[in-house]
A.B. asks: 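Here it is, the structure in full.
All values below come from the heavy atoms of this structure, side chains included, with hydrogens, waters and symmetry mates left out. Lettering follows sequence order; numbering is per chain, from 1. The shown structure was predicted, so the numbers you read here are calculated from the model rather than taken from an experiment.
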Amino acid sequence: MALLSKLPNRTAGPSCICNLARWSRSQNKTINRTLANNANSTPLLQTPLYDLHLAHGASMHPFAGFSMPITYETQSIIESNKWVRSQAGLFDVSHMVQHIFTGKDVTAFLERITPTDVRELAPYTGVYSMFLNNNGGIVDDIIITKHTDDKYYIVTNAACRAGDLAFLQEQKKLHGLSDISHEILEEWGLLALQGPRAAEALQGLTEFDLTQLKFGNVGLVPVKGGKYWVSRSGYTGEDGFEISVPKEETLGFTERLLGESNSVVKLAGLGVRDALRLEAGLCLYGQDLDETTTPVQASLSWVIGKRRRLEGGFNGYEVIAEELKNGTSRRRVGFLSDGPPAREGSKIYEETGVKLIGVVTSGLPSPTVGRNIAMGYIEKSFMQRGTEVLFDIRSRKRTGTVAKMPFVPPKYYR
Amino acid sequence: MSYQKNILMVSTRLAAVRSRLPVAARSAKFVPLLSNRFYSKTTPKTIAPLFTVSRNTPSTSLSNVRGRRSYINGNDEETPEGLRYTEEHEWLALEDGNLAVIGITGYASKALGDVVYVELPSVGASIVAGEPIGAVESVKSASDIYSPVSGEIIEVNEQLDKKPGLVNAEPYRRGWICKILIKDTTELESMMDNNRYQTFIASS
């Protein structure tokens, strides 16, 4: 037995950066520090809920430089999965990077580095998007929320922190946009409350009518203790919220959410989060997406705004426009199978087992579906739903079928 | 079946299982996970008695191995005496001079979480110590099972095909993996006893 968690454990970015300029100054120091310490001896960062996780019997593991809860002793991943899909789960996602961009040039900047129709995005609305490099490759997948035309809130992946900051600084210079100020909300925690009873649980703590917030909307919601930014979004396919809370209030707010809702809300770890997001057909950056993958290859063309498809003007437009017109050699698709699950790295062969046609990027036994689910990249001619394929699992070929994603129907509140 | 129903059923069944445990085990942190419930097409109507602990002295004859339900006296949560352990978290019980039963330890099964699939070796296969002979799959990970000894697989626990959750619920009993006819019993000397294994997991 090798008891290695298969959860991705990429290295953290620098731990104490507040803005791009400071990051730049500290970059050399950071590199030296990284060389001096091997990855295991670098102290892990803690979220504001670290002690609470321990008190709830969390199994803590390094994730993107943070010590994060993978599971809690009261529920197995399967039980927690059922709980989130029937009640409500609370995820500490304070490791994720929250940014505020302000200034007259921000809209133009975001239109340059993402394929989203940022200009036409309604105020107080958030969308899934991505930072693109000049080849159309995905630097990170992100949520952009517009507050006003000159103020945006963006959430990026913790594991991409250093890369994103370098990218943003380089792009800012490259495009000669000056009126942009950028701040990382270091002093704010982030919670994700997900599940069919999430609204009921949060409504118990506020006078604000949450039915006003539809999927993608964001509002400044007054609760006991303060006013928090609440967006109706998530990473599970369920109705739910992501709540940005000042660090010093995160613990109190979490306890009220866990307590007053009388066990409707239970803490949920990153282990079940991975299963839930895969069931919802959602990508994990670094596993399902990387800098060599375009949104078209990743079957995420829907992110590209209609106007943007015609007008272009964003990084990698030439490559992406060509792919939109003529297709790509490979595409991200879903798979269903039985027996041993195909996981990240499993090679995919066509049904005679001779020709290598793709690779699995995420896969696990789905607690909700009751079968193995996976996503991966496959040659275009095999991407048809129902196509039989073979996975190489521990040197044995196992059958699977190209299947529709999401594997579990989304229940967003629209 | 609605999720709601399913969850109620889980707690009912866990409660039922708990009430059958000896008092000491009831208060223990370990809760049988019974994950296979979610994967079996029909829900068993009766609850298998999980903790019918055999108090008999360990058998040493081959004829008694078949049908025996426990390789230990005591609790599944512990690292029982009388077994040998590896750093890869397998246990080995010597049934006869050179017949061994192997499984994965309670510590390992807990760390893995709900086991949903066990890949078993083939009966008759020749195996080499330290080589993978199968795998245990949970929602979050796949872990290879390494044979602690060289020899021949003479039996595998086919019950695990239908009930992989036995690896969690009864790692030292009905959750055994396979039986091996050992080629060279000196290989056993490098394995740990329960005290050394306990020290090993405490330090890892």
Side-chain angles (χ1 to χ4, degrees), chain A residues 1-7 57 59 61 70-71 73-87 195-197 238 263 266 269-276 278-279 337-346 363-373 393-396 398 408, chain B residues 1-11 14 29-41 86-91 103-105 107-119 132-146 161 164-165 167-168 177 201 204:
Chain A
M1 302 286 304
L3 293 177
L4 290 173
S5 166
K6 287 280 176 177
L7 285 164
S59 164
H61 289 269
I70 305 299
T71 52
E73 67 181 0
T74 46
Q75 285 187 321
S76 71
I77 289 182
I78 291 175
E79 288 162 347
S80 185
N81 182 290
K82 305 271 169 192
W83 189 267
V84 175
R85 296 234 181 270
S86 63
Q87 311 285 324
R197 300 186 74 177
E238 296 295 328
S263 86
K266 280 192 194 296
L270 293 188
V272 72
R273 190 168 156 86
D274 194 44
L276 291 161
L278 185 55
E279 289 180 341
S337 71
D338 298 298
R343 298 184 190 263
E344 182 188 7
S346 288
L364 46 74
S366 161
T368 308
V369 179
R371 301 183 66 192
N372 301 318
I373 58 171
I393 301 168
R394 293 182 288 272
S395 305
R396 278 165 76 175
R398 308 279 190 165
V408 174
Chain B
M1 186 189 300
S2 74
Y3 301 127
Q4 178 73 47
K5 242 180 176 170
N6 221 334
I7 275 168
L8 288 174
M9 199 175 67
V10 173
S11 46
L14 282 178
K29 261 162 69 182
F30 178 76
V31 175
L33 295 166
L34 298 170
S35 66
N36 56 311
R37 160 188 317 111
F38 296 112
Y39 289 84
S40 59
K41 290 201 178 88
T86 69
E87 292 191 356
E88 308 287 352
H89 306 286
E90 287 93 12
W91 57 264
I104 73 163
T105 66
Y107 172 82
S109 79
K110 208 178 162 193
L112 281 172
D114 305 330
V115 171
V116 296
Y117 183 85
V118 181
E119 186 154 299
I133 53 168
V136 182
E137 303 256 12
S138 67
V139 174
K140 70 173 179 197
S141 64
S143 301
D144 285 330
I145 306 165
Y146 299 98
D161 286 340
V167 171
N168 296 114
I177 304 287
I201 54 182
S204 59

A.B. asks: Going by heavy atoms in the side chains, are B:V116 and A:I78 under 4.5 Å from each other?
C.D. replies: yes
A.B. asks: Which atoms form the tightest heavy-atom contact between B:V139 and A:P365, and what is the distance?
C.D. replies: O-CD, 3.6 Å
A.B. asks: Of the non-hydrogen atoms in A:R343 and B:A142, which two are nearest, and what is the gap between them?
C.D. replies: NE-CB, 3.5 Å
A.B. asks: Sort out for me which of A:G339, A:P196, A:G57, A:S59 touches chain B most, counting heavy-atom pairs under 4.5 Å.
C.D. replies: A:G339
A.B. asks: Could you list the residues that satisfy salt bridge (Lys or Arg N to Asp or Glu O under 4.0 Å) with A:R394, not counting sequence neighbours?
C.D. replies: B:E119, B:E137
A.B. asks: So which of A:V272, A:I77, A:D274 actually passes side chain to side chain contact (heavy atoms under 4.5 Å, CB included) with B:K140?
C.D. replies: A:I77
